[in-house]
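Keep in mind that this is a model prediction, so the values were computed, not measured.
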Amino acid sequence: MGTQTIEEKKVAQTETVNVTGSDALLLSLITEGASTIFGYPGGAIMPLYDKLMDYKDKLKHILTRHEQGAIHAAQGFARVTGKPGVCFATSGPGATNLITGIADAYMDSTPLVCITGQVFSALLGTDGFQETDVVGVTMPVTKWNYQVTKAEEIPEAIAKAFYIACSGRPGPVVIDVTKDAMMNKCDYSYKRCKYIRSYIPEPRVNNVQIEAAAKLINEAKKPLAVVGQGVILGNAEKELLDFVNKSGVAVATTLLGLSAIPNNHAQYTGTVGMHGNAGPNIKTNDCDLLIAIGMRFDDRVTGVVAKYAPQAKKIHFEIDKAEINKIIQVDAPVLGNVGETLAQILDYIQPKQYPEWLAEFKACDKVEYDRVIKEELHPADGKINMGEVIEVLNDSAKGDAIICTDVGQHQMFAMRYCNFNSTRTWVTSGGLGTMGFGLPAAMGAQFGCPDKKVVSISGDGGFQMTMQELGTIAYNKLPVKMIVLNNNFLGMVRQWQELFFEERYSNTPISSPDFVALAASYKIEGETVLDRSTLKDAIERMYNSEGAYILEIKVTAKGNVFPMVPAGASVSDILYGDENKK
């Protein structure tokens, strides 16, 4: 069927036409507003890829160099745009190569629609070539999954997939489509899904809960709000700012909550968690009211639960009822989309300011600066520190770049020292902690925001996990800026071995290729920085380059990221890294 007949079919949602299952799937994606697909073809999904040729003017397909690159790119696209990421993979190993990204998206509430090819329906259960039980394998790490065996099932399955992925607390869905379902014909019409019986994505806001929370806020003397990614997912940044400005509360963010509020806001105190700032961690156990907004009390945030803010009353603004009292018992749950609940509570809270309380955070900041930050950002000599690289990057980016990171020490340094002026400019792997995430996520972010500067920050270990995606960057002429902080170690594991395993560095030293030469083989520009005297100029060249650019920076081999809340400790039991120097 040619493009003239299929071309979006000029199909009204109620009009019916006879098409193949592959046509039905692609038309459904177009109707849902999808424009960019990341994927990798193979035998079982070949009919769908064949039909893609007829929709090139409507759907842009990005051929990545590995399925894991495809799904991380879809995540990056979703995180910066707020739209669901879409990816394709074939059956068997193609589908199983998506699993890490699906699990990552599930942990971090990223909306994805993943389409996997499957063997002919007659072969299901026979251990046919490249057959895997995709539904069974992905069930624990998806919001919903479904296997399509008939062409006529496709439109409804896609409609449900987009609705479920994007509504309420977002997440990944998987639609596994047999080869015959793609090839057979069906009568196609499309109706967007707006309701599924027994699925209630957003609980109704309860005014009693709002009033109870407002009473605690109005009575508080030392309130601390901890902001998570729920604010970003709920597009509630304005409502958060209105709430913060009126209530006067001190504000901190989780790792994924970064960029929900500008770093330079007068009430912003930094990040919480294992490598967060001293002030909000220590003051968690001093506040009289803890206000959790769109966050889930991850163990990296709470430390040992029994010692987490035991003195404080607690409010939890949350869309997912399952998260209420799952880890931390709260005094006032507020269920609903945080954009709605924060807007409603404004009418009930009194305008306040807490200068003395905020001054206590400033005092903690002074200690942290003297004991950690000063030496990290302004070393007298020696090798380059990771933190100072981020500080120099800030001079060029000025808080306006999209920062995508891998997982490890460099991620924590970026969290601590990157500046953010606007929302959806911080993309990292939180709950699953996936090495190899950063580079392909940066690709997806660049496709999602082609007019923004996108900077990928990786360690030498994580970069090597997905560095084949340099091919995707080069082929698509993506102007992604890549920083590889090379310390010849798996840095975070090495830090733990130093602190908690008697410096027994088992399998953490790592060798690397010449990253700049490797990039050059893809005709990507780059340079290696060995000395801080050339660091600033090199970062400026990278940041202002027209195309892709890689900067390998040789950093100190045994630099550690501090402060640190050790595993199993209270959030106020902070190591500054200078304890043995006293």
Side-chain angles (χ1 to χ4, degrees), residues 107-109 168-169 203 205-206 209-210 212-220 222-234 236-237 239-241 243-244 247-258 260-261 267-274 276-277 279-346 349 357 361 430-431 565 570-572:
M107 291 282 280
D108 289 350
S109 302
R169 180 179 179 174
V205 178
N206 185 323
Q209 293 181 342
I210 294 283
K215 184 174 185 295
L216 292 178
I217 293 169
N218 290 334
E219 292 173 351
K222 294 182 174 185
L224 171 61
V226 179
V227 173
Q229 190 188 201
V231 168
I232 299 169
L233 296 173
E237 294 88 348
E239 289 78 4
L240 172 68
L241 204 57
F243 170 78
V244 167
S247 67
V249 301
V251 184
T253 64
T254 65
L255 172 67
L256 295 185
L258 268 177
I261 187 170
Q267 290 156 240
Y268 181 66
T269 65
T271 55
V272 295
M274 180 172 281
N277 294 103
N281 274 327
I282 291 170
K283 294 304 167 184
T284 293
N285 283 2
D286 282 346
C287 68
D288 62 355
L289 178 65
L290 185 72
I291 309 166
I293 305 176
M295 54 87 79
R296 61 184 180 85
F297 293 110
D298 176 79
D299 61 281
R300 283 296 198 262
V301 167
T302 65
V304 62
V305 169
K307 297 180 180 179
Y308 183 76
Q311 79 295 334
K313 297 285 187 180
K314 300 175 186 72
I315 299 170
H316 195 176
F317 289 85
E318 175 59 48
I319 197 169
D320 186 353
K321 186 178 181 180
E323 293 295 341
I324 300 293
N325 296 326
K326 184 175 85 173
I327 295 169
I328 298 295
Q329 298 294 307
V330 299
D331 301 278
V334 182
L335 279 168
N337 183 299
V338 291
E340 187 177 351
T341 54
L342 287 175
Q344 288 195 23
I345 205 168
L346 278 181
I349 61 173
W357 172 231
F361 290 87
V565 177
S570 163
V571 290
S572 55

* To do: Verify side chain to side chain contact (heavy atoms under 4.5 Å, CB included) between F297 and V226, making sure each step is shown before the conclusion.
  => CA-CA 10 Å; F297 293 110; V226 179; over 6 Å; no
* To do: Output, in order, the C-alpha distance, side-chain angles, deciding distance and verdict of side chain to side chain contact (heavy atoms under 4.5 Å, CB included) for V338 and L240.
  => CA-CA 8 Å; V338 291; L240 172 68; over 6 Å; no
* Closest contact, heavy atoms only, T341 versus I210 -> O-CD1, 3.7 Å
* Evaluate the criterion side chain to side chain contact (heavy atoms under 4.5 Å, CB included) for residue pair Q311 and D288; output intermediate values, then yes/no. => CA-CA 6 Å; Q311 79 295 334; D288 62 355; over 6 Å; no
* Grab the two heavy atoms, one from A332 and one from L216, that are nearest each other, plus how far apart they are. => CB-CD1, 3.9 Å
* Between S570 and N285: side-chain donor-acceptor atoms closer than 3.5 Å -> yes
* To do: Check whether any side-chain N or O of T254 sits under 3.5 Å from a backbone N or O of G257 as a donor-acceptor pair, and report yes or no.
  => yes
* Asked: Can you check side chain to side chain contact (heavy atoms under 4.5 Å, CB included) on K283 and T269, steps first, answer last?
  -> CA-CA 10 Å; K283 294 304 167 184; T269 65; over 6 Å; no
* Any side-chain heavy atom of R296 within less than 4.5 Å of one from R169? -> yes
* Any N281 side-chain heavy atom under 4.5 Å of S572 side chain -> no
* Got I315 and V330 here, is their nearest side-chain heavy-atom distance under 4.5 Å? -> no
* Could you tell me whether E219 and K313 have a side-chain N and a carboxylate O separated by less than 4.0 Å? => no
* Asked: Hey, is the main chain of T271 close enough, under 3.5 Å, to the side chain of N277 for a donor-acceptor pair?
  -> yes
* Are the side chains of T253 and Y268 in touch, meaning some heavy atoms are under 4.5 Å apart? -> yes
* May I ask you to check whether over 12 heavy atoms, not counting those of K321, lie within 6.0 Å of atom NZ? => no
* State, with a plain yes or no, whether a side-chain heavy atom of V249 is found less than 4.5 Å away from one of F243. => yes
